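Owing to the predicted nature of the structure, the values given are computational and were not obtained by experimental measurement.
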Amino acid sequence: MAKVERVEAHLQRPAHAFDAILGLGTNLGDRTHNIEEAIRRLTADGSIRVVARSKLYRSAPWGVTDQDWFVNACVAVQTGLSPHELLKECQAVENDMGRVRTLRWGPRIIDVDILTFRDLEIADPDLTVPHPLIAERAFVLVPLKDIAPELRLNGRTIDAMLEKLDSREVQPI
């Protein structure tokens with residue numbers, strides 16, 4: 001059974017701004033097109049609406065470093081979907097675009113992660129929100145700062161998290 005809690009002090013954001021923030025990444029094929037296509041597919045039926053989007057960033061691979069560079073972006077969305085319904089939509093886009101899950105942190109045509117969902121903290125085998133690795137990933141934090149610069153996670157600002165990372169290899173395209 002999923003552990004879902006409301007944690008007011010955990011995530012602070014303007015109430016009207018967005019319901020969720022998604023992180024997108026790709027390092028196969030036409031990377032810019034892959035990001036644009038994923039956003040188009042996510043919003044196609046109207047259940048997910050982008051209210052802010054970051055610049056596109058070129059970034060070095062993370063985790064498995066012997067692979068091509070990535071293009072990453074973040075989008076803030078409004079949606080009436082539940083967190084698990086949003087996850088299903090994200091996974092459907094990944095699958096429909098041809099994502100093959102063979103190597104953790106390996107090459108991918110598209111990756112769509114739920115980074116935050118309202119003021120919820122979710123600990124479930126299929127979904128952890130906020131995403132547990134945000135603070136370790138400059139390729140997430142840099143575009144996240146574009147769309148939600150005042151966001152605080154676990155009481156820490158994006159800038160405070162970025163201070164602990166090397167973000168030189170995350171460059172705007």
Would V140 and N72 count as a side chain to side chain contact (heavy atoms under 4.5 Å, CB included) here? Give the steps. CA-CA 7 Å; V140 171; N72 294 97; 6.0 Å; no
Could you give me the CA-CA distance, side-chain angles and deciding distance for R137 and W62, then say whether side chain to side chain contact (heavy atoms under 4.5 Å, CB included) is met? CA-CA 8 Å; R137 295 176 166 179; W62 186 93; 3.3 Å; yes
Run the numbers on L86 and L22 for side chain to side chain contact (heavy atoms under 4.5 Å, CB included), then give the verdict. CA-CA 10 Å; L86 180 59; L22 307 178; 4.0 Å; yes
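R49 and Q78 are linked by a side-chain donor-acceptor pair at a separation below 3.5 angstrom, with hydrogens and angles left out of the test. Residues T157 and D159 have side chains that never bring a donor and an acceptor to within less than 3.5 angstrom of each other.
Of the charged side-chain nitrogens involved, at least one lies within less than 4.0 Å of a carboxylate oxygen, so that E37 and R41 count as a salt-bridged pair. Between R53 and D146 there is no salt bridge, since no side-chain N of the basic residue sits under 4.0 Å from a carboxylate O of the acidic one.
Between the T128 side chain and the H131 main chain, no donor and acceptor come within less than 3.5 Å of each other. Judged purely by atom type and a 3.5 angstrom limit, D166 uses its side chain to pair as donor or acceptor with the backbone of R168. In terms of modelled atom types and a separation under 3.5 Å, the side chain of T26 and the main chain of N34 share no donor-acceptor contact.
Taking 4.5 Å as the limit, every side-chain heavy atom of V51 sits out of range of all side-chain heavy atoms of V77. I114 is not listed as a side-chain neighbour of I122, based on a closest heavy-atom distance of 4.5 Å or more. Between N27 and V71, every side-chain heavy-atom pair lies at or beyond the 4.5 Å cut-off. Counting only heavy atoms from C-beta outward, the side chains of P83 and L120 approach each other to under 4.5 Å. Two residues are said to be in side-chain contact when any heavy atoms from C-beta on lie closer than 4.5 Å; F139 and Y57 fail this criterion. In this structure the side chain of L115 reaches within 4.5 angstrom of the side chain of C74, judged on heavy atoms. Put simply, the side chain of D111 does not reach to within 4.5 Å of the side chain of L24, judged on heavy atoms. Two residues are said to be in side-chain contact when any heavy atoms from C-beta on lie closer than 4.5 Å; T79 and F18 fail this criterion.
Here the CG atom belonging to L144 is positioned 3.5 Å from the CD1 atom belonging to I158, to the nearest 0.5 angstrom. The CG atom of L165 lies 10.0 Å from the CD atom of E163; values are rounded to the nearest 0.5 Å. Atoms CG and SG, on L127 and C90 in that order, are 9.5 Å from each other to the nearest 0.5 Å. Taking CD1 of I147 as the reference point, atom CD1 of I21 lies at 4.5 Å (rounded to 0.5 Å). Between the CD1 atom in I109 and the CZ atom in R31 there is a gap of 11.0 Å [rounded to 0.5 Å]. Atoms CD1 and CG, from I134 and L151 in turn, are 7.5 Å apart once rounded to the nearest 0.5 Å.
Residues A138 and P143 share a closest heavy-atom pair of O-CD, 4.0 Å. Shown here for G80 and R118, the closest heavy-atom pair between the two residues is CA-NH2, 4.5 Å. The two residues S59 and V170 come nearest to each other via the heavy atoms CB-CG2, 4.1 Å. For M161 against A135, the heavy-atom pair with the smallest separation is SD-CB, 3.7 Å.
Sequence neighbours left out, the pairs with a member in residues 74-94 that pass salt bridge (charged side-chain N to carboxylate O under 4.0 Å, His left out) are E94-R99, E94-R101.
Within 6.0 Å of atom CD in E169, 12 or fewer heavy atoms from other residues, nucleotides or ligands are found, so the atom counts as exposed in its surroundings.
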